[in-house]
S.K.: 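After the structure tokens below, expect a handful of questions from me.
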Number of protein chains: 2
Amino acid sequence: MAGPDPVASWPTGRLLSVAARLVEHSWQEFLATRGLTHAGLIALHLLREGPRTQRELAHGAKVTDQTMSRTVERLHRAGFVERGTDPVDRRRTVVTLTDRGRDVHAEALRAERDEPEVLGALRDYEAFRLQLVELVTALGVDRSTAARPDPRG
Amino acid sequence: MAGPDPVASWPTGRLLSVAARLVEHSWQEFLATRGLTHAGLIALHLLREGPRTQRELAHGAKVTDQTMSRTVERLHRAGFVERGTDPVDRRRTVVTLTDRGRDVHAEALRAERDEPEVLGALRDYEAFRLQLVELVTALGVDRSTAARPDPRG
DNA sequence: CACTATTGTTCAGCACGCTGAACAACGCAA
DNA sequence: TTGCGTTGTTCAGCGTGCTGAACAATAGTG
């Protein structure tokens with residue numbers, strides 16, 4: 001008994017993390033049956049308009065190059081992307097969407113539209129989304145090369 | 001240049017994840033200098049009213065027992081909690097806050113109040129918080145034992 | 001051509017989340 | 001006591017995030 005769920009007393013950052021996990025989790029059923037992961041989905045999303053280098057994908061997804069490297073590897077293993085070396089600059093790995101990748105991404109878009117049940121618990125879904133976009137835009141200047149902006153000590 | 005940051009087109013779940021990472025990251029400076037982690041902080045938070053078993057902590061933090069197990073281990077390693085076996089039920093590990101733990105938690109609370117700069121980017125901070133609380137309350141029924149609610153197949 | 005710096009990617013290793021499985025201790029029944 | 005199911009915790013292993021370091025290839029300088 002006592003205090004059952006004083007979630008309201010949590011720090012906002014923690015609230016954000018837990019909410020993210022919970023929502024991610026609600027996608028798991030869909031994703032697992034398709035053999036893809038939630039991180040891979042955003043990469044697919046960024047790839048829909050054409051081939052990109054891993055660096056570009058990392059920038060776009062607001063993650064480090066290392067993280068995107070592994071995500072792409074996973075995506076490739078699942079057959080959703082193709083990897084090739086840029087003939088002009090052989091350091092670069094150019095990532096391209098396969099048909100299956102394009103297909104599964106389209107399906108995910110549909111599913112997102114069809115099942116707003118999860119986020120339906122929110123009063124002002126659109127307002128909430130907007131706040132998130134603001135937050136990410138404000139805080140997520142870049143990353144990718146994992147720049148350490150203020151090493152004063 | 002093309003499309004620089006179409007964050008607004010991201011799925012909401014991804015937005016949530018990235019926002020969480022970004023906000024978490026803004027705490028890193030504070031946490032790192034104190035030798036604690038963001039996951040540990042919520043455990044400390046739950047411990048402030050008295051000793052708890054790991055199971056209770058897991059419930060309270062909306063994570064699985066396994067995850068809490070490792071978090072407590074880390075906290076113990078850092079000297080913020082003490083662990084003991086319940087004499088009544090020797091299966092149980094009772095976790096208690098140390099003085100240092102209580103101290104660092106209080107400091108974190110203060111810091112949270114003093115530096116709302118990060119979340120200050122938001123228009124309606126309170127409304128946003130409220131949405132998060134609603135979301136977590138609605139979706140985060142429990143976890144801990146990692147119950148699989150619907151294994152129909 | 002070597003020398004050095006920069007750029008693109010991967011490797012090593014950690015934190016944090018999860019699931020499945022193992023293990024120890026308890027509780028209940030025969 | 002033995003046996004078995006339940007409960008509390010940890011171990012194994014994976015996915016996603018990070019940092020720091022290594023490595024390969026390109027580019028600039030002599």
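The analysis underlying the following values was restricted to heavy atoms, covering all of them including side chains, and did not include hydrogens, waters or symmetry mates. It should be emphasised that the depicted structure is a prediction, and the values quoted were computed from it without experimental measurement. Numbered from 1 within each chain, the chains take letters A, B, ... in sequence-line order.
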S.K.: Between C:dG8 and A:Q66, counting only base atoms on the nucleotide and side-chain atoms on the residue, is there a donor-acceptor pair under 3.5 Å?
M.R.: no
S.K.: So which of residues 35-47 of chain B are in contact with DNA chain C, with a heavy-atom cut-off of under 4.0 Å?
M.R.: B:T37, B:H38, B:A39
S.K.: On a heavy-atom basis, which atom in A:A78 and which in A:G35 lie closest, and how many Å separate them?
M.R.: CB-O, 3.8 Å
S.K.: Would you mind telling me which residue lines up with the more 5' stretch of DNA chain C, A:R70 or B:V88, judged by nearest nucleotide?
M.R.: A:R70
S.K.: Reading nucleotides 3-9 of chain D from the 5' end, what letters show protein touch, with B for base, S for backbone sugar-phosphate only, - for no heavy atom under 4.0 Å?
M.R.: ---BBBB
S.K.: Is there a side-chain polar atom (N or O) of B:R90 under 4.0 Å from OP1 or OP2 of C:dG27?
M.R.: no
S.K.: For A:H105, what residues pass the ring pair (Phe, Tyr, Trp, His ring centres under 6.0 Å) criterion, not counting sequence neighbours?
M.R.: A:H45
S.K.: If I take atom NE2 in residue B:H76 and atom C1' in nucleotide C:dA15, what distance separates them, rounded to the nearest angstrom?
M.R.: 19 Å
S.K.: Hey, are the side chains of B:V7 and A:L132 touching, using non-hydrogen atoms and a 4.5 Å cut-off?
M.R.: no
S.K.: Quick check on D:dT16: is either OP1 or OP2 less than 4.0 Å from any side-chain nitrogen or oxygen of A:R74?
M.R.: yes
S.K.: Among residues two or more places apart or on two chains, list those pairs meeting salt bridge (charged side-chain N to carboxylate O under 4.0 Å, His left out) that have a residue in residues 34-48 of chain B.
M.R.: B:R34-B:E107
S.K.: With a 3.5 Å cut-off and sequence neighbours excluded, list the donor-acceptor pairs that the side chains of residues 85-94 of chain A form with protein atoms.
M.R.:
residue: A:D86; atom: OD1; partner: A:V88; partner atom: N; Å: 2.8
residue: A:D89; atom: OD1; partner: A:R91; partner atom: N; Å: 3.1
residue: A:D89; atom: OD1; partner: A:R91; partner atom: NE; Å: 2.9
residue: A:D89; atom: OD2; partner: A:R91; partner atom: NE; Å: 3.4
residue: A:D89; atom: OD2; partner: A:R91; partner atom: NH2; Å: 2.6

S.K.: Enumerate the residue pairs fulfilling salt bridge (charged side-chain N to carboxylate O under 4.0 Å, His left out) with a member in residues 11-27 of chain A, sequence neighbours excluded, ordered by first and then second residue.
M.R.: A:R21-A:E24
